[in-house]
Amino acid sequence: MDDYKKHTTKDGSLSLYSLSYEEEFHDKDGALRESINKYLLPAQLEQFSNTEKIVVLDVCMGLGYNTGCILEKLLQTNIKIEWHGLEIDEKPLNIGLKEKIFQEIWSPKVLHFFNSLNKSGKWTEGFNEGTIHWGDARNKIFDIQDSLKFDLILLDPFSPQKCPELWSEEFICLLAERLSKKGRLITYSTAASIRASFKRAGLNIYSIVPSIDDKSKWSLGTVALKKQFEQQMIVNNYQIKELSIKEVEHLATRSSIPYRDPTGKGNSKEIISTREIEQSKSQLINTSAWRKRWNTAR
Ligand SMILES: C[S@@+](CC[C@H](N)C(=O)[O-])C[C@H]1O[C@@H](n2cnc3c(N)ncnc32)[C@H](O)[C@@H]1O
């Protein structure tokens with residue numbers, strides 16, 4: 001427990017602060033609320049209602065809120081679930097499962113899922129199955145057979161400044177290659193570098209629309225889809241929209257320069273300093289000019 005501090009967020013759900021990354025796991029407004037608004041709603045599970053099977057990848061499972069919310073819905077359907085998780089540390093889930101406020105928010109089936117992963121790293125329930133691959137996501141993704149494509153990828157690492165290795169152009173490309181034709185990759189990040197990497201990986205990107213309570217924010221995150229698959233659900237829905245002019249212009253600033261990790265073994269300091277050097281030499285417009293034009297805070 002030395003690495004983590006427990007606390008209760010505003011919606012009453014448990015969260016952690018990582019002492020080694022010096023960063024919160026979730027928004028202070030609510031761990032559960034964040035997973036619902038940034039992952040469950042943009043997943044638009046209704047698009048899979050006629051599907052026999054759904055394959056899910058949770059990158060950085062942590063306490064498991066993103067998966068938990070999605071499983072609560074999927075387990076009420078007849079859709080067969082194959083779930084994979086990538087997470088370097090077993091402790092967050094272990095800590096969560098010891099806390100009553102964490103246990104109480106989940107149905108018995110989802111709690112069984114978490115307890116099974118915690119105990120054996122595996123989950124089965126009827127025809128559903130899941131595996132957590134403990135270790136560095138950059139290596140562990142290769143433990144999942146290459147032919148398996150994901151319908152949902154939930155990408156939730158610490159911020160790019162703290163964990164750039166999981167936001168690198170190379171890792172994003174790997175994830176993009178593993179998306180199924182109708183799949184979607186969802187993340188809380190609105191960073192220009194991440195969005196630009198998605199685009200270069202051949203994905204179409206959409207902005208997650210803030211809920212009424214989050215109106216002061218311009219976006220809650222990003223949904224990335226395969227280009228060739230025009231999802232009709234995107235049009236006229238309240239969860240995802242095309243990027244605004246402001247967001248498109250953001251992608252033309254120096255902030256869009258990616259994090260690079262060509263060996264897949266780079267450490268965060270190296271990755272960040274390489275990017276800073278590239279930014280300092282860049283001809284792209286300065287992000288402060290964009291901020292000024294759009295009156296956007298840092
Ligand atoms: C922001 S937290 C994830 C929150 C989580 N989705 C939840 O609902 O609690 C980031 C997580 O990334 C994990 N992590 C950090 N570096 C990693 C790596 N290289 N590979 C896999 N997981 C990593 C951390 O252990 C932490 O649990």
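Order of appearance sets the numbers: ligands from 1, and atoms from 1 within every ligand.
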Q.
Could you identify the single nearest non-hydrogen protein atom to atom 18 (C) of ligand 1 and state the distance to 0.1 Å?
A. L166 CD1, 3.6 Å

Q: Indicate the ring-plane relationship of F114 and F102, choosing parallel, tilted or perpendicular according to the 30° and 60° boundaries.
A: tilted

(Q) Evaluate W83 against T131 for side chain to side chain donor-acceptor pair (under 3.5 Å), listing each step before the verdict. (A) CA-CA 6 Å; W83 180 91; T131 307; over 6 Å; no

Q: Number the atoms of ligand 1 from 1 as they appear, then name those within less than 4.0 Å of a heavy atom of G64, with their elements.
A: 7 (C), 8 (O), 9 (O)

Q) Do R138's NZ or CZ and the ring of F171 fall within the cation-pi criteria of under 6.0 Å and 45°? A) no

(Q) Among all protein heavy atoms in this structure, tell me which lies nearest to atom 15 (C) of ligand 1, with the distance rounded to 0.1 Å. (A) Y21 OH, 3.4 Å

Q.
Is there a polar contact, in the sense of an N or O pair closer than 3.5 Å, between I88 and ligand 1?
A. yes

Q: Indicate yes or no: does an N/O atom of D156 lie under 3.5 Å from an N/O atom of ligand 1?
A: yes

Q.
Just to confirm my output: which protein heavy-atom neighbour is closest to atom 9 (O) of ligand 1, and how far is it?
A. L63 N, 2.8 Å

Q. Identify the closest protein heavy atom to atom 5 (C) of ligand 1: which residue and atom is it, and at what distance?
A. M61 O, 3.2 Å

Q. Quick one: does H26 get within less than 4.0 Å of ligand 1, heavy atoms only?
A. yes

Q: Record the part of L154 in heavy-atom contact with ligand 1 below 4.0 Å; permitted values are side chain, backbone, both and neither.
A: neither

(Q) Quick check on the 6.0 Å ring-centre criterion: do Y259 and W167 meet it? (A) no

Q: May I ask you to check if ligand 1 and D136 share an N or O to N or O distance below 3.5 Å?
A: yes

Q.
Any carboxylate oxygen within less than 4.0 angstrom of a Lys/Arg side-chain nitrogen, looking at E129 and K80?
A. no

Q. Does E87, backbone or side chain, put an N or O under 3.5 Å from an N or O of ligand 1?
A. yes

**Q.** Per-atom contacts of ligand 1 with G135, taking only distances under 4.0 Å to non-hydrogen atoms
**A.** 20 (N), 21 (C)

Q.
Looking at E169 and R200, is any side-chain nitrogen of the basic one under 4.0 Å from a carboxylate oxygen of the acidic one?
A. yes

Q | Nearest-option assignment for atom 20 (N) of ligand 1, heavy atoms, candidates A137, A31, C163 | A | A137

Q) Less than 4.0 Å between a side-chain N and a carboxylate O, is that true for K226 and E177? A) no

Q. Does one side chain, of H133 or E87, offer a donor that lies under 3.5 Å from an acceptor on the other?
A. no

**Q.** Contact summary for T190 and T222, nearest pair of heavy atoms
**A.** CA-OG1, 4.0 Å

Q: Return the orientation label for the Y65 and W106 ring planes: parallel under 30°, perpendicular over 60°, tilted otherwise.
A: tilted

Q: For ligand 1, find out whether one of its N or O atoms is nearer than 3.5 Å to an N or O atom of Y65.
A: yes

(Q) Any nitrogen or oxygen of F25, side chain or backbone, less than 3.5 Å from one on ligand 1? (A) no

